[in-house]
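The block underneath contains the structure these notes are about, expressed in structure tokens.
What's counted below: heavy atoms across the whole structure, side chains too, no hydrogens, waters or symmetry copies. In each ligand, atom 1 is the first atom listed, and ligand 1 is the first ligand listed.
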Amino acid sequence: MQRSFQDLLSQRHSVRAFTKDPVAKSDLEKICQAARKAPSGANLQPGKFHVLTGPALEGLICALHDAMERNEPPVSEYSYFPIPMPADLKARQRAAGYALYQALGIAKRDVAGRREQFARNYAFFDAPRGRDRHHRPAHGQRLLHGSGMSLMTFLLAAEDQGLGATGIGALANYGNIVHSHLNLPEDELVVCGIAVGKKDETAPVNLFRTERDALDVFTSFHGFDD
Ligand SMILES: Cc1cc2nc3c(=O)[nH]c(=O)nc-3n(C[C@H](O)[C@H](O)[C@H](O)COP(=O)(O)O)c2cc1C
């Protein structure tokens, strides 16, 4: 059944546990067709997606796993978070983290449990498909909102296909590994990953929902009569 845009928006959420069911390439093509329609300033279309599955994805996951095992220091190609992080954003980051760990029953002080969950980012949460979102760094970070437009379109299109997905900004921490695994040109910047697959509807990690600021905090209206 066709869902309305409002339904898609309200039903989409980050999915971090998947069934083993494969995702048809045709579904991924439909999602990418939607994402490529996203607007960008001056139609520069600054980003590009790489879709991985099977041995291509497993190879990347192995390389990331080895890097973590060796305690290899992350090599970020850009800073996803502001440095230093302003206090109000830090509070939101903490709230998002606590909601996630609470859903998983990981206590605040359980450092090992939190680390283990964080490491799941680098296994693409066992999704049958992983995607890397790349961007041309020659333009610095100025055009990242262009990538953001296609990312959101991708996430909504996945929801529309009855699939689940989550962004994985943590992948940018090991941009160097993604670069060498995919043999990317020097002038591409690894923005983030996306895990995509069929939602495991019963997994506790998929059952919690995040909150948003109220409309009057998020938006200021100017020049209206009422
Ligand atoms: C660009 C981007 C990067 C993200 N990176 C991660 C990540 O590395 N790990 C993770 O568990 N979730 C990640 N997320 C998911 C966010 O935590 C999530 O979107 C946010 O908490 C709001 O929740 P919702 O998507 O369920 O509405 C990312 C989301 C986006 C859009």
For the residue pair F49 and F154, categorise the inter-ring angle as parallel (less than 30°), tilted (30 to 60°) or perpendicular (more than 60°). parallel

Atom pairs and distances, donor-acceptor, side-chain atoms in residues 97-118, under 3.5 Å, two or more places apart:
residue : atom : partner : partner atom : Å
D110    : OD1  : G113    : N            : 2.7
R114    : NH1  : K108    : O            : 2.5

Give a yes or no on this: more than 12 heavy atoms of other residues, nucleotides or ligands lie within 6.0 Å of atom CZ of R3. yes

Taking non-hydrogen atoms within less than 4.0 Å of ligand 1, which protein residues qualify? R12, H13, S14, R16, Y80, N121, F125, T166, G167, I168, G169, A170, T210, R212

Kindly say whether the aromatic ring centers of F125 and F18 come within a distance under 6.0 Å. no

By the salt bridge (charged side-chain N to carboxylate O under 4.0 Å, His left out) test, which pairs, at least two apart or in different chains, include something from residues 160-182? none

Applying side chain to side chain donor-acceptor pair (under 3.5 Å) as the test, list every pair that has at least one member in residues 212-226; sequence neighbours left out. R92-D213, T210-R212

